[in-house]
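Accompanying notes for the structure given below.
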Amino acid sequence: MEKQYNFKENEEQLYKEWAKKDAWEPKGTGKPFVMVIPPPNVTGSLHMGHALNTTCQDILARYYRQKGRPVKWVVGTDHAGIATQTKVEKALIKKGIKKNEISKEEFLKHIWEWKKEHGDQIIHQLQRLGASCDWSKIHFTMDDDYQKAVKTAFKHFYDQGLIYQADRVVNWCVRCQTSLSDLEVEYRPEKAKLWHIKYPVKISELRSQNQVQNLKSSKNHEPRTTNHDYIVVATTRSETMLGDSAVAVNPKDERYKNLIGQTVILPITGREIPIVSDSSVDMKFGTGAVKVTPAHDMLDSEIGERQKLESIQVIDKYGKIMTEGMQEFRNLGIKECREKIIEELEKQSLIEKVEEIEHNLSVCYRCEREIEPMPSKQWFIDMNHSNAKCKMQNAKSQLKIKNDQNSKSLKELGMEAVRSGKVQFVPKKWEKVYLDWMENVKDWCISRQLIWGHKIPIEGETDVLDTWFSSALWSFATLGYPEKIDEKYYPTTVLSTARDIIYLWVSRMIFSSVELIGEIPFEKVYIHPTIYNQEGKRMSKSLGTGVDPIELIDKYGADAVRFGLTLLNTGVQDIKFNEVHIVAGRKFANKLHNIARYIDLQIQNSESRVLPTLRSGSRLNVGKNPIYKKYLEKIEKLETETERDLEQFRFGQALERIYHFIWHDFADKMIEESKADESEEKIVFLQTAFSRLLDLVEPFLPFVSAKIKNILNSELKIQNAKSQFRVQNHS
RNA sequence: GGGCGAUUAGCUCAGUUGGUUAGAGCGUCUCGUUUACACCGAGAAGGUCGGGGGUUCGAGCCCCUCAUCGCCUACCA
């Protein structure tokens with residue numbers, strides 16, 4: 001054995017062996033331990049979050065496999081609709097190909113080519129980390145059998161009356177040319193100008209001098225600069241006033257009480273629109289009076305619905321102004337129009353003042369372009385109603401849907417699965433987060449105007465499904481649905497994932513599984529900590545604050561990376577990434593290697609005539625020496641504590657204890673003290689103790705552990721063969 | 001605006017129901033080349049556990065309050 005552990009050589013050799021198809025198929029007879037890996041985007045590359053999550057899962061997989069349970073760890077990738085399409089679009093532009101200039105079919109071909117070329121990258125990266133997934137089948141959400149699952153699921157929801165089409169204001173990405181669900185919208189703080197615009201009130205309708213007086217003396221409106229009477233609205237989006245249908249004020253607002261029901265003349269357009277009262281208006285913001293554009297704002301759309309206002313679309317899906325009449329604005333970009341309107345209003349002295357504010361700009365989570373809310377016909381899943389599910393289940397269906405489920409909404413099913421304790425979150429606090437969100441869940445917009453994805457299985461539809469619709473089926477579509485689900489493996493045991501997809505993914509998997517299978521998808525949801533960079537900020541590729549786990553693996557080894565991440569993973573606390581712990585991991589691997597080297601030497605130098613047959617993991621009790629006996633009891637305690645920790649997902653605590661024991665107890669004390677012992681028993685003891693300690697280490701640092709076990713085992717074989725030979729010669 | 005979490009050694013973090021002198025890794029300092037390992041060993045320095053108040057025989061841990069930071073969420077136009 002070399003003086004220093006060569007992780008590179010060892011890991012290179014082992015991970016290829018482990019990536020073989022049948023290497024990790026479930027074996028054994030106990031209660032199966034089943035996980036589905038959160039499928040990474042097919043175009044993605046491994047980031048620190050993946051590395052941590054994969055490490056957690058692999059620790060569990062290897063630990064329970066060691067315990068003799070059949071472990072099934074389902075693996076695969078997600079087609080990731082919008083993310084992939086955006087990525088391939090960009091790649092094509094570099095080649096001089098524009099998406100708009102080629103047919104849908106050609107574009108799809110390019111995406112499949114891309115998938116073929118790059119789709120395996122993330123899989124290889126998972127393997128380099130040592131992930132012991134069941135590689136015999138690498139699922140993909142666009143596989144034929146998966147497509148079948150999606151179609152079947154859609155049909156079920158549809159037949160139950162849970163899918164409907166509606167014309168609604170949705171989040172629209174002008175660049176991606178698709179709708180987005182609320183969860184796919186991100187927010188970016190931005191400085192903006194808040195224009196205070198005077199909308200003239202139709203004076204003839206003011207019934208009494210009193211009202212005029214009231215209006216004039218209104219605090220926010222002074223000093224008056226013209227002879228007219230106005231109501232002042234505040235907006236950052238002047239261009240949308242072309243589509244205003246009302247001005248809304250809070251019914252409790254004394255300033256405007258008497259104006260409710262009056263009419264204002266919308267500047268520029270000259271249209272007459274009412275002043276309405278709506279309790280959603282915040283009296284403290286701006287002037288307390290808000291212009292209502294039902295077609296281009298989520299809140300306004302709701303007000304519009306309540307107040308039965310007309311929805312006037314003035315921005316088209318390409319982000320251009322579309323107006324009837326008023327040629328001067330037609331086809332302008334949004335920002336151009338915004339300025340032009342302001343110019344015009346200034347000319348008419350209708351701008352009262354301009355405020356600088358900071359507000360949240362909503363942007364597309366994939367391309368970061370500004371979101372334009374606009375009306376659009378889309379497909380939705382009804383989350384809140386149960387009476388829609390009037391049609392009874394298909395008698396031929398093998399789905400065993402319990403009767404009471406037919407009277408519950410998806411929201412209720414999702415909440416009940418967690419409330420009842422059937423699905424448990426670890427740490428527990430995420431249950432509340434989940435339930436709070438579920439409680440207020442809105443209907444889910446599932447149609448996307450993309451090319452890459454599952455086509456909505458309705459005649460004539462060209463839209464595809466939200467990528468999360470298909471991932472919602474992941475836990476069972478990978479285990480046999482819609483054909484027969486292997487009941488042995490369902491529900492799965494643990495789902496380990498990141499907190500930022502609790503809503504996007506976990507929640508949808510739960511209600512989908514309960515609705516479609518009549519069974520929860522997993523018993524436990526482990527939400528691992530989030531990794532931040534050293535400044536405590538989010539790691540982000542686009543910000544250049546990310547750390548590439550593969551580079552770390554190259555530098556320190558996969559074992560070391562696993563060690564470093566796991567040591568920091570103590571549960572509740574989020575992780576500020578720091579390389580020092582990975583350095584410690586590399587040292588630890590080396591330490592293990594050297595302990596093995598020492599024991600190996602002892603075995604080799606042994607003059608023993610008869611070495612007891614030892615196996616890896618042997619529970620053989622050694623000898624009379626009470627010190628050794630006691631020490632093995634100490635190890636047993638460590639084993640118990642590790643088991644307890646891993647049952648509670650206390651990965652960091654478990655590893656820390658093992659690490660400390662091996663280094664500062666076993667190596668620093670026990671081995672040092674044993675050096676004085678010349679007896680044969682010492683060797684038996686060291687070998688036994690160490691092999692048990694290696695078992696404890698193996699789930700955490702599988703590469704170095706496997707290597708050492710091999711060496712020690714083969715050394716033992718040699719020695720045993722020798723002693724057998726001697727025994728035979730003597731007899 | 002709501003919710004959650006954090007604040008412990010120079011840095012990154014442990015600290016399991018409140019119980020003697022608060023721990024680890026890295027870093028720093030001293031010594032040590034003893035044939036497993038210098039990616040090592042022996043030892044040392046370094047913390048009024050964010051501030052303030054309270055409960056208790058006893059508080060890093062429980063309660064209140066303030067401060068700072070972070071995350072999630074929301075319709076502030």
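Throughout, protein chains are lettered first and strands after them, A, B, ... in sequence-line order, and every chain is numbered starting at 1.
- Residue A:K284 has no polar side-chain atom (N or O) positioned under 4.0 Å from OP1 or OP2 of B:G1.
- For the segment residues 649-659 of chain A, residues with any heavy atom less than 4.0 angstrom from an atom of RNA chain B are, sorted by number, A:R650, A:Q653, A:Y659.
- In this structure, OH of A:Y532 is placed 7 Å from C1' of B:G70, rounded to the nearest angstrom.
- Sorted by first and then second residue, the salt bridge (charged side-chain N to carboxylate O under 4.0 Å, His left out) pairs involving residues 273-298 of chain A (not counting sequence neighbours) are A:D244-A:K291, A:D278-A:R306.
- Contact annotation: side chain of A:Q4 to base of B:C39, donor-acceptor pair present below 3.5 Å.
- For A:D436, the side chain to side chain contact (heavy atoms under 4.5 Å, CB included) partners are A:K432, not counting sequence neighbours.
- Out of B:A77, B:G25, B:C13, the shortest distance to the side chain of A:L568 is found at B:C13.
- The nearest heavy atom of RNA chain B to A:M298 and to A:W430 marks one nucleotide each, and the one closer to the 5' end goes with A:W430.
- Between A:E431 atom CD and B:C4 atom C1' there is a gap of 15 Å when expressed in whole angstrom units.
- The base of B:A36 sits within donor-acceptor range of the side chain of A:K675, with an N or O pair under 3.5 Å.
- Judged as a ring-ring contact (aromatic ring centres under 6.0 Å, His included), and not counting sequence neighbours, A:F577 has no contacts.
- For B:A77, the OP1/OP2 oxygens have no side-chain nitrogen or oxygen of A:T236 closer than 4.0 Å.
- The CZ-P distance, from A:F666 to B:A36, rounds to 14 Å in whole Å.
- Each of A:Y5 and A:M283 was matched to the nucleotide of RNA chain B holding its nearest heavy atom; the match closer to the 5' end belongs to A:Y5.
- Salt bridge present: A:K675 and A:E672 bring a charged side-chain N and a carboxylate O closer than 4.0 Å.
- In the interface, the side chain of A:E2 is not paired with the base of B:A36 through any donor and acceptor atom under 3.5 Å apart.
- By the side chain to side chain contact (heavy atoms under 4.5 Å, CB included) test, A:H581 pairs with A:L567, A:L568, A:N578, sequence neighbours left out.
- Taking 4.0 angstrom as the limit, A:W663 places a side-chain polar atom (N or O) nearer than this to OP1 or OP2 of B:G41.
- The P atoms of B:C75 and B:A59 are separated by 46 Å, rounded to the nearest whole Å.
- With B:C76, B:A36, B:G41 as the candidates, the nucleotide lying closest to the side chain of A:D282 is B:C76.
- Below 30°, between 30° and 60°, or above 60°: for A:Y628 and A:F685 the angle between ring planes is below 30°, a parallel geometry.
- The stretch residues 242-252 of chain A has no heavy atom under 4.0 angstrom from RNA chain B at all.
- By the side chain to side chain contact (heavy atoms under 4.5 Å, CB included) test, A:S507 pairs with A:Y434, A:W437, A:M438, sequence neighbours left out.
- For B:C29 and B:C66, the C1' atoms lie 40 Å apart once the distance is rounded to whole Å.
- Annotation: salt bridge (charged side-chain N to carboxylate O under 4.0 Å, His left out) contacts involving residues 555-570 of chain A, sequence neighbours excluded, comprise A:D58-A:R562, A:K555-A:E579.
- Among the nucleotides B:G5, B:C39, B:C76, the one closest to any side-chain atom of A:F285 is B:C76.
- Rounded to whole Å, atom P of B:U73 lies 11 Å from atom CZ of A:R499.
- Atom CD1 in A:I575 sits about 14 Å away from atom C1' in B:A6, given to the nearest Å.
- Whole-Å rounding puts the A:L299 CG to B:C75 P distance at 9 Å.
- Applying the ring-ring contact (aromatic ring centres under 6.0 Å, His included) rule to A:F563 yields the partners A:F588, A:Y659; only residues at least two apart in sequence or on another chain are considered.
- With rounding to whole Å, A:I582 atom CD1 is found 17 Å from B:G27 atom C1'.
- Atom name C1', nucleotides B:U28 and B:C37: the rounded distance is 23 Å, in whole Å.
- Residues that satisfy the ring-ring contact (aromatic ring centres under 6.0 Å, His included) test with A:H359, not counting sequence neighbours, are absent from this structure.
- Using the six-membered ring where Trp is involved, A:Y526 and A:H528 have ring planes that are tilted, between 30° and 60° apart.
- With sequence neighbours excluded, the residues satisfying side chain to side chain contact (heavy atoms under 4.5 Å, CB included) with A:N360 are A:Y187, A:P189.
- Annotation: B:G53 and B:U73 have their P atoms spaced 38 Å apart (nearest Å).
- Here the separation of B:A9 from B:A24, taken at their C1' atoms, is 11 Å to the nearest Å.
- One donor-acceptor pair, N or O on each side, does fall under 3.5 Å between the base of B:C37 and the side chain of A:K591.
- A distance of about 13 Å separates the C1' atoms of B:U35 and B:C40, rounded to the whole Å.
- For the C1' atoms, the distance from B:A74 to B:U68 is 24 Å, rounded to whole Å.
- The phosphate of B:A36 (OP1 or OP2) has no side-chain N or O of A:H593 nearer than 4.0 angstrom.
- Ring centers of A:Y556 and A:Y5: at least 6.0 Å apart, outside the cut-off.
- Rounded to the nearest Å, the gap between the C1' atom of B:G47 and that of B:G60 is 11 Å.
- Side-chain contact check for A:Y365 and A:E186: no donor-acceptor pair (N or O, by modelled atom type) lies under 3.5 Å.
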Bracket string, RNA chain B, 5' to 3' - pairs by Watson-Crick or G-U geometry under 3.5 Å, | interstrand: (((((((..((((.....[...)))).(((((.......))))).....(((((..]....))))))))))))....

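- Atom CG of A:N171 and atom P of B:A74 are 11 Å apart (whole Å).
- Phosphate contact (OP1/OP2 of B:U35, side-chain N/O of A:K3, threshold under 4.0 Å): absent.
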